[in-house]
Every structure is written in C-alpha cells, then in structure tokens.
Amino acid sequence: MIALVEASSYFQLVSLAAMADAGLLPPADERVLVLANGSQIPELTTPLDRVPGFDELASRFDRVVDFAALLAPRRPAQFNPRGVEDQLLLNKLLRSAWKLGDEPLTLVLESIQVNPARALANVFYDAQIWVHSDGLMSYGPTRSKLATPIAQRLVGTIHIDLVPGLEPQLLAELQPQRKVLSAPALSRVFDELAHGQHPIPDAPEGAALLLGQYLGSLGVIDEDEEFELHVQMLHEVKSRGLNTVLFKAHPSASATSAARLAGTAASLDLDFTVLDTDHLAETVVAAVRPALVLSCFSTGLATAKYLQGIEVVAVGTAMLLQALAPYQNSNRVPLSLVHALCVQNVSAPAERADTEDDELTGLLHAVSYCMQSEQLPQLRETAEQFLNRHYARHAVHFKRRRLTSLNLPPQWAHVGSRRRIPAQLRGVSRKVIRRSSRQLEKWSRSLNRLAK
C-alpha cells in the first residue's frame, strides 16, 4: 500500500509533518509527499521545496514528488482531466512518473471539492480517500456536493484542533471518521522550525505582529479598503501603548502596500519593520513571542491564541461579514469564527464548563445550515433553536434575505416582515449602511491626504 499525501501550501506541509509525528496518517508501506503548489502566482512565491525547514518536514515521508514541476507551465489547480479515457491515461502516466507500479493506493488530499485534489481522486479511481484540513476554513461545510464515485471512497478527515473542542462541518453529510491533531503536536513542529537552521530576523520585545491577508485577491474588498484595515490595526497598536510593529505581508502582496503602511506608521511614531522571511506566521510567533498579534480573520489569529497563548485582536470582521457575498462564500466560516472568538469573546467548546449551551457550536451549525441547507438538512432544527435564542446577539453573522429564503426564525427579521422589530435591534441594517458609508468617507479622506 502506497499513500500519496498531497500538500499545496507551506502551512499544509507543517500540518502533515505534525500529523505524521502523531501517527494520524493512514497506514502504508510507503508514504509519498506530493507537492502541488497552490500559489496563484508561483513565479513570485517561494517553491514548496525551498521553504525554510523543508528537508526536516519532508523527512517524515519516504520520498517526494513535485506535481507542480511535472505540470509546468500549467498550475496544479488547472489540472482537470475530462472523461474516463483521460483519467485512465493519466492514471497510467502518473503511476509511471511517480514509480507507483500496480500498488494499491490511499490518497490524503486537501480541498477535495476542487482541483487538483478532485482530479487526483478521479484519476486514481480505486484509491481510498482521506482529507486533511487547511486552517479555519475546514470548519465550514462542503462547498459543493461530491460526485458519488468520490464520496463512496471517503474514509475520514484529519483536522487540527485550532478551536479547542469544535468539530468541523467539512464533509459532515458523509459522516466520515474524524481524526484530530492536537494543538501541542502542531506547536512542537513550529518550535522546531523557529529554532532550526533558518534564522528569523531579530525583533525587540513587546512588539505587535500584524498579519496581512491580501483580501483584495479574494474579491472581498479592494486594495484601498484593505490598506485602511491595516491602518486601523496600527491605531489599535498605538492605543495599547506599544511602539513597535512587525508586518508580515501575505506572500502575494505587493511591495507598495507595505511601503504605504510604513509611511502611516511613521506618522503615528511607530517603529515599523517588514519581516523579510518565508517563515509562516506561526513560526515567527514561536520565535519572537510578540505581545500582540493583529489581523482580520487569518488562521494565524487562532494559532496564536490557542496554540501559542498570545493575545490577539481581529479588525474589520463585522464590516466584512456584511460585505462578503454570496452568503455561501467559503470564507464566511473563518470570518464568523474569528468574530465570535476574538470580538464577541464567545468561548471555544473545550473552554466551557457548561456543555449544554455551547454557543460557538450552535453558531457554526446555524451559519453552516444557512450556507448549505440542502447538504445539511439535519442541522435545521439546531439552527432554528440557536436563532430563536441568540439571534439578537449574533445578527451580524446572518443576512435577512437568507433567513427569509430559508424561512428561519426570527420571523420579524424577514425581509418585508410587518412584525415589530425589538427595540435593541431596530435600525440595525440602517446603522450598518450608515457606518459603512462613514467608513468609506473616512477612507476617501485618508487617501486624499496621502495623495497630496
């Protein structure tokens, strides 16, 4: 038995290494690490086999094959064989290229709903399938229904306990086995990288670490709006009496965005340093131990808070919850979780002494049902109960049109409802619109000042 273990990002490489250390990967006579670089612009990012500590991470596997190099100049995400004939041909070719012979296979894939994972599952049509998680997005529902030939071969999932005790909804409709990678097991690998052969730039004590997300590339907001989010983070740092900011830009972000932010930091008398490193945010946190980590809804907020015990601040989540469209957007669950945990201070399930009213799980179930009601009909009753009890506090996570179309409570929140809205929520939608308008005006003024 050969296990093909696919990784498309540096974070996945670290996670899979930790899963191997913890004995969570499926048993196999040989484990082959398949590199499928998921970067949108691979020419501008560091290849996976050159990231810091790659040799140490890859040592958990028997050998490595580079799927991205094999497909170049096409990217792995563009690998989309069509029809049985193409799939049979590619099965033969990949088995030859990767020296798999006629051995039975197990696949350990990420993002099974999209290519290249979906394509590999189709090409290796008789292999058992496990799915490993990739950050907070794995807590959300499956974005599309899996084809029956793939669904029938799914054995289980392996996810990181990023939010202690919270069970993911990914593939819940298929009732898979759930294996859980503990936070300490993952932290040990980040500590290994932090103190390995590839040093991280020195940083003063008491610094704030700002994590960029490159939200403009997701089409959620534009570059100017994202810049303003970063400016809000700088003001948050200043308000807390900190003087030093370490900025770790998203790998796809342009250099000009960091330069603009440096100018704003200087006007606030903040020491601003752009971290020139390929290390992950978690490795940087393990090495420099910042006083504060700020971002919008980055998985780095959850790892800093729960894996590494660092104080975190989320900025802009309420605004993005309203702006994110369509409602089924797979970024909604990470965004809702970060807003609930870091802004509303909702407890993670494992932190609660009272398990009867697990508010975070209820929120996840309600949001997941609203996103994918047809795939998760078993969550309707849970969603109704949660909305009846908690809608007033959590209205920002839901859109009235969505509640109306699914006929979910509360009825007074439905579009066109004539029932009286409770006083504490009267005008919420109008307030959101007014605040968004004021924010846009503020951003416009800031941009005009910068242009002068």
Side-chain angles (χ1 to χ4, degrees), residues 1-21 23-43 45-82 86-134 150 153-155 157-158 189 193 251 278 280:
M1 175 69 74
I2 297 177
L4 297 181
V5 185
E6 179 225 358
S8 66
S9 70
Y10 191 3
F11 186 84
Q12 288 177 18
L13 283 176
V14 177
S15 302
L16 289 167
M19 290 171 186
D21 291 346
L24 296 176
L25 296 179
D29 299 315
E30 183 182 32
R31 288 187 181 134
V32 180
L33 179 62
V34 180
L35 302 181
N37 192 339
S39 172
Q40 294 295 318
I41 314 176
E43 297 82 3
T45 56
T46 303
L48 291 179
D49 59 356
R50 297 182 195 170
V51 296
F54 174 78
D55 290 340
E56 293 84 348
L57 298 173
S59 68
R60 275 81 167 181
F61 302 89
D62 297 295
R63 56 191 177 94
V64 179
V65 296
D66 194 334
F67 193 30
L70 183 66
L71 291 177
R74 294 178 65 82
R75 294 181 284 110
Q78 296 172 316
F79 181 64
N80 185 28
R82 298 174 182 271
D86 283 356
Q87 293 167 10
L88 292 174
L89 176 63
L90 287 163
N91 181 301
K92 183 177 180 179
L93 290 174
L94 288 179
R95 279 183 174 273
S96 175
W98 293 344
K99 298 179 174 58
L100 303 176
D102 295 325
E103 288 289 316
L105 300 177
T106 295
L107 303 178
V108 184
L109 305 172
E110 50 88 28
S111 298
I112 189 66
Q113 312 97 302
V114 296
N115 295 323
R118 181 176 61 190
L120 288 172
N122 284 325
V123 168
F124 298 112
Y125 53 85
D126 56 354
Q128 290 188 337
I129 299 171
W130 284 82
V131 173
H132 66 87
S133 72
D134 184 25
I150 293 178
R153 292 182 284 131
L154 178 71
V155 179
T157 68
I158 314 169
V189 181
L193 292 171
D278 287 324
L280 290 167

Exercise. Do Leu120 and Leu94 have side-chain heavy atoms sitting under 4.5 Å apart?
Worked result: yes
Problem set entry | Qualifying side chain to side chain donor-acceptor pair (under 3.5 Å) pairs with a residue from residues 23-37, counting only residues at least two apart or across chains | Glu30-Arg63
Exercise. Which atom pair, heavy atoms only, marks the closest approach of Ala117 to Leu109?
Worked result: O-CD1, 3.5 Å
Problem set entry | For the student: nearest non-hydrogen atoms of Pro76 and Leu71, plus distance | CA-CD1, 3.7 Å
For this session: For residues 110-127, pull every pair meeting salt bridge (Lys or Arg N to Asp or Glu O under 4.0 Å), keeping only residues two or more places apart or in separate chains.
Result: none
Exercise. Between atom CG of Leu16 and atom OG of Ser133, what is the distance when rounded to the nearest 0.5 Å?
Worked result: 9.0 Å
Problem set entry | Contacts of type side-chain contact (heavy atoms from CB on, under 4.5 Å), residue Pro47, not counting sequence neighbours | Asp49, Arg50
For this session: For Gln113, check side chain to side chain donor-acceptor pair (under 3.5 Å) against everything at least two apart and list the hits.
Result: none
For this session: Would you check if Leu4 and Leu100 make a side-chain contact, meaning some heavy-atom pair closer than 4.5 Å?
Result: yes
Exercise. Under the side chain to side chain donor-acceptor pair (under 3.5 Å) test, which residues partner Asp21, sequence neighbours left out?
Worked result: Arg60
Problem set entry | CG-CG distance between Leu57 and Leu13, expressed to the nearest 0.5 angstrom | 6.0 Å
Seminar exercise, completed: Residue pairs meeting salt bridge (Lys or Arg N to Asp or Glu O under 4.0 Å), one or both in residues 86-107, sequence neighbours left out, come to none
Exercise. What do the steps show when you test Val155 against Thr106 for side chain to side chain contact (heavy atoms under 4.5 Å, CB included), and what is the final call?
Worked result: CA-CA 10 Å; Val155 179; Thr106 295; over 6 Å; no
For this session: Ignoring hydrogens and angles, tell me if any N or O in the side chain of Tyr10 forms a donor-acceptor pair with the backbone of Pro52 under 3.5 Å.
Result: yes
Exercise. Do His132 and Ser15 have side-chain heavy atoms sitting under 4.5 Å apart?
Worked result: no
Seminar exercise, completed: dist Leu154:CG -> Leu107:CG (nearest 0.5 Å) comes out at 11.0 Å
Exercise. Do any pairs count as a side chain to side chain donor-acceptor pair (under 3.5 Å) and have a residue in residues 64-82, sequence neighbours left out, and if so which ones?
Worked result: Asn80-Asn115
For this session: Taking ring pair (Phe, Tyr, Trp, His ring centres under 6.0 Å) as the test, write out the residues that go with Phe11, two or more places apart.
Result: none
Problem set entry | For the student: nearest non-hydrogen atoms of Leu90 and Pro81, plus distance | CD1-CB, 3.3 Å
Exercise. Partners of Thr46 by side chain to side chain donor-acceptor pair (under 3.5 Å), sequence neighbours excluded?
Worked result: Asp278
Exercise. Taking all non-hydrogen atoms of both residues, which atom of Ile112 and which atom of Ala121 are closest, and how far apart?
Worked result: CD1-CB, 4.1 Å
Seminar exercise, completed: Quick note, ring-ring contact (aromatic ring centres under 6.0 Å, His included) partners involving residues 97-131, not counting sequence neighbours, are Phe67-Trp98
Seminar exercise, completed: The side chain to side chain donor-acceptor pair (under 3.5 Å) partners of Ser9 (sequence neighbours excluded) come to none
